[in-house]
Protein chains: 2
Amino acid sequence: MSLTALEIRHMETLLALAECGSLSKAASRLFLTQSALSHQLKALEIHFGASLIEKNVRPLRFTAIGQRLLTLARTVLPQMAEAGRDVARLAQGHAGPLRIAVQCHNCFDWLMPAMDAYRTLWPEVELDIISGFLMNPLPLLDQGEAELAIIHDRQEPPPSIVFSPLFRYESVALMSPRHRLAAKPWLEAADFGAETLITYPVPDEMLDVMKHCLTPAKINPKRRTAELTVAILQLVASGRGIAALPSWTVGNYLERGYVVSRPIGQHGLRCELYAATTRAGAEAAYIREFIALTRIQSLTEFAGVSAL
Amino acid sequence: MSLTALEIRHMETLLALAECGSLSKAASRLFLTQSALSHQLKALEIHFGASLIEKNVRPLRFTAIGQRLLTLARTVLPQMAEAGRDVARLAQGHAGPLRIAVQCHNCFDWLMPAMDAYRTLWPEVELDIISGFLMNPLPLLDQGEAELAIIHDRQEPPPSIVFSPLFRYESVALMSPRHRLAAKPWLEAADFGAETLITYPVPDEMLDVMKHCLTPAKINPKRRTAELTVAILQLVASGRGIAALPSWTVGNYLERGYVVSRPIGQHGLRCELYAATTRAGAEAAYIREFIALTRIQSLTEFAGVSAL
DNA sequence: TTAATGACATGAGCCTAATTCATCACAGGT
DNA sequence: ACCTGTGATGAATTAGGCTCATGTCATTAA
């Protein structure tokens, strides 16, 4: 009933619960099963002799006791994280540079805010983006020219490399509200055939729609390219063609009604992002924390982004 | 390398280490083996890639990293304890009274400071001492007339009662520096035969020397009694007889040279104290914390007091 | 030097307990 | 009624923390 019995794991659970609003969501964020959290909560409730959350309401609500423990978690966990950083700084003679190889334009949208947040935690780390937009950035890691690479979709990592899951997002088709395809509840590959597809100026393999949907269906629509996301959206809004972008990059435009979004395929087109490091990099605290931070931050900031 | 891996258990270990100055002492305070702490530290050192303490020097010293984690523990653990109290208050409608049955006079010496400390943590608990000096205070617990009883020496608790170890102390013989027995390095039972023994006015069974040393040896010295510890010490200092008291009650008098202390028996006379509660009481947070607090406080405040 | 003592290290095995797995139950929405 | 999402539950599995029985090392005494 006293100090022990409430473990760090429990505080992390409470924090995730507060942000996700359901056991199952919180579980996947913590890389655990829903069952684990259910058991955890049950144990706590037995221990304290009172319930911590009301689960019959969505999103779930914290009881007074649950809130007290939640505020504890909110004060304690950051203190521990800070101590962990200090120790890492002391243990491994001051951290090196962190050069990030990115494959896709979209990445900047979530990478930038994450880098900003990270910089306050590890001011001495030299952050750098390597944006050659290479097809395969993994060799850069082995060659020591980058510490981190952002990888699309699950694949078998080479022995020298470690993958860490970041998150899953959905790519949606975007079109003018007056576009004829806007009438359909969802688009299939064939719908793209007669359209002009507006994309970033990169190879097809680096475009989610092409790689996962159109190329397999042997459909190759007309193209028009733009460097910037806003430019693509402008073209879409003025009816010059359709585009396919991650759902969370276009929140504002959707809300204002300039464009509408439709799932690609009946169940949507889901893409996965992984962070790749060398085995050594996966040990280094300052790199591990960058991965953890981008993951959490993206999961909380962006709607339509989910844990994997 | 980051947040997780440092558990509450580790912080408690660091705290105990800082106070005890050795693995083995800290271990017994935590109710663990020395081996457990050694494994714990090893795991942490592997995890952080650096050592936390220098063990080749006594008392052991913390490295910079160890100190950082120690200060973390010193901030985090009290926060968790406070949250635990708040939750207990919320969960079990405000705690009841805490009436403590004591057998011996000496107990006041450590009970009073502990009660003062406890009162600031649980102001709403009504503290009370029941000092009938009964031989067997356990029935009071069953009858609901006390919540806690202080018990001397290990014994088999009745089924309705739970014992919690408090600490072990040593009773020493006290005499004037000019007393003839002061020449001996330690006293045996026979030495007391010709002396006047100065004690509290209570039955023999409640006096450590009598119960564990003289009565078994069938030695019954002359007596003189005094209510207060200071009065006993005054009589001893002026050569009116010898006394036997817990070593830590007489610190000041020893330092000033008014009296000297000698072990009773070759290896000293060690006594054990336990806290007894009903099974229900052992569940209640406000009672458990009183026990934990008195134990820790006595262990840290008084020299010659050790964990059991 | 040889014992003897005290403190920490270490590997093996045990045992607790946290997690998963495979279900079940329930609610809300269509 | 049926599906979908969410939480609960008991059993089985697994991980990892602790103890036990040693080993090593340093210090002190004979």
Side-chain angles (χ1 to χ4, degrees), chain A residues 3-14 16-48 50-63 66 168 170 185-186 263 266-268 270 303-304 306-308, chain B residues 4-14 16-48 50-63 66 185 266-268 306-308:
Chain A
L3 329 94
T4 321
L6 186 77
E7 291 294 324
I8 295 183
R9 149 177 46 98
H10 297 127
M11 297 197 270
E12 280 168 346
T13 296
L14 290 176
L17 240 28
E19 292 208 330
C20 299
S22 91
L23 290 214
S24 11
K25 304 245 180 61
S28 75
R29 170 171 306 196
L30 297 168
F31 298 120
L32 290 174
T33 61
Q34 170 266 322
S35 178
L37 296 204
S38 183
H39 283 299
Q40 268 191 28
L41 283 174
K42 175 129 209 213
L44 285 182
E45 290 176 358
I46 288 175
H47 177 80
F48 289 118
S51 79
L52 308 191
I53 54 178
E54 306 169 34
K55 298 179 199 114
N56 44 1
V57 64
R58 225 148 310 278
L60 53 78
R61 211 181 308 148
F62 283 71
T63 66
R168 177 187 291 116
E170 181 180 359
W186 49 272
Q266 186 163 9
H267 303 294
R270 307 204 167 273
S306 59
L308 42 84
Chain B
T4 322
L6 186 75
E7 292 293 327
I8 296 182
R9 146 177 45 98
H10 297 127
M11 297 197 272
E12 280 168 346
T13 295
L14 290 175
L17 241 30
E19 293 208 330
C20 300
S22 90
L23 290 216
S24 10
K25 303 246 181 60
S28 76
R29 170 173 305 200
L30 296 168
F31 298 120
L32 291 174
T33 61
Q34 170 267 321
S35 174
L37 295 204
S38 182
H39 282 299
Q40 270 192 26
L41 282 174
K42 175 124 211 220
L44 285 181
E45 289 177 0
I46 288 175
H47 177 80
F48 289 118
S51 79
L52 308 191
I53 54 178
E54 305 169 34
K55 299 181 197 109
N56 43 0
V57 65
R58 225 148 311 278
L60 53 77
R61 211 181 308 149
F62 283 73
T63 66
Q266 186 161 12
H267 303 294
S306 59
L308 41 85

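In what follows, chains carry the letters A, B, and so on, assigned in the order in which the sequence lines appear, proteins first and then strands, with residues in each chain numbered from 1.
When side chains are defined from C-beta on, A/Phe62 counts as touching A/Leu60, because their heavy atoms get closer than 4.5 Å. B/Leu37 places a side-chain heavy atom less than 4.5 Å from the side chain of B/Leu30.
Within the model, atoms CG of A/Leu44 and CG of A/Leu52 stand 5.5 Å from one another, a figure rounded to the nearest 0.5 Å. To the nearest 0.5 Å, atoms OG (A/Ser306) and CZ (A/Arg168) are separated by 5.0 Å. Considering OG of B/Ser35 and CD of B/Gln40, their distance stands at 10.5 Å, rounded to 0.5 Å.
Note: CG (B/Leu17) to P (C/dA7) measures 13 Å, nearest angstrom. Rounded to whole Å, atom P of C/dA18 lies 6 Å from atom NE2 of A/His10. In this structure, the CD1 atom of B/Ile46 is 10 Å from the P atom of C/dG11, given to the nearest Å.
Among the protein residues, A/Leu32 comes within range of the sugar-phosphate backbone only, with heavy atoms under 4.0 Å from sugar or phosphate atoms but none that close to a base.
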Under 3.5 Å, which N/O atoms of the protein pair with N/O atoms of nucleotides 14-17 of chain D?
| from | atom 1 | to | atom 2 | distance (Å) |
| --- | --- | --- | --- | --- |
| D/dG17 | O5' | B/Arg9 | NH1 | 3.4 |

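Closest non-hydrogen pair, B/Leu17 versus B/Ala26, comes out as CD1-CB, 3.4 Å.
A distance-only check finds no donor-acceptor pair linking the side chain of A/Ser28 to the backbone of A/Ala307 [under 3.5 Å].
In terms of the side-chain hydrogen bond (donor to acceptor under 3.5 Å, both in side chains) criterion, B/Glu7 has no residue partners (sequence neighbours excluded).
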Using a 4.0 Å heavy-atom cut-off, write out nucleotides 3-12 of chain D from 5' to 3' as B (base contacted by protein), S (sugar-phosphate only) or - (no contact).
---SBBBBB-
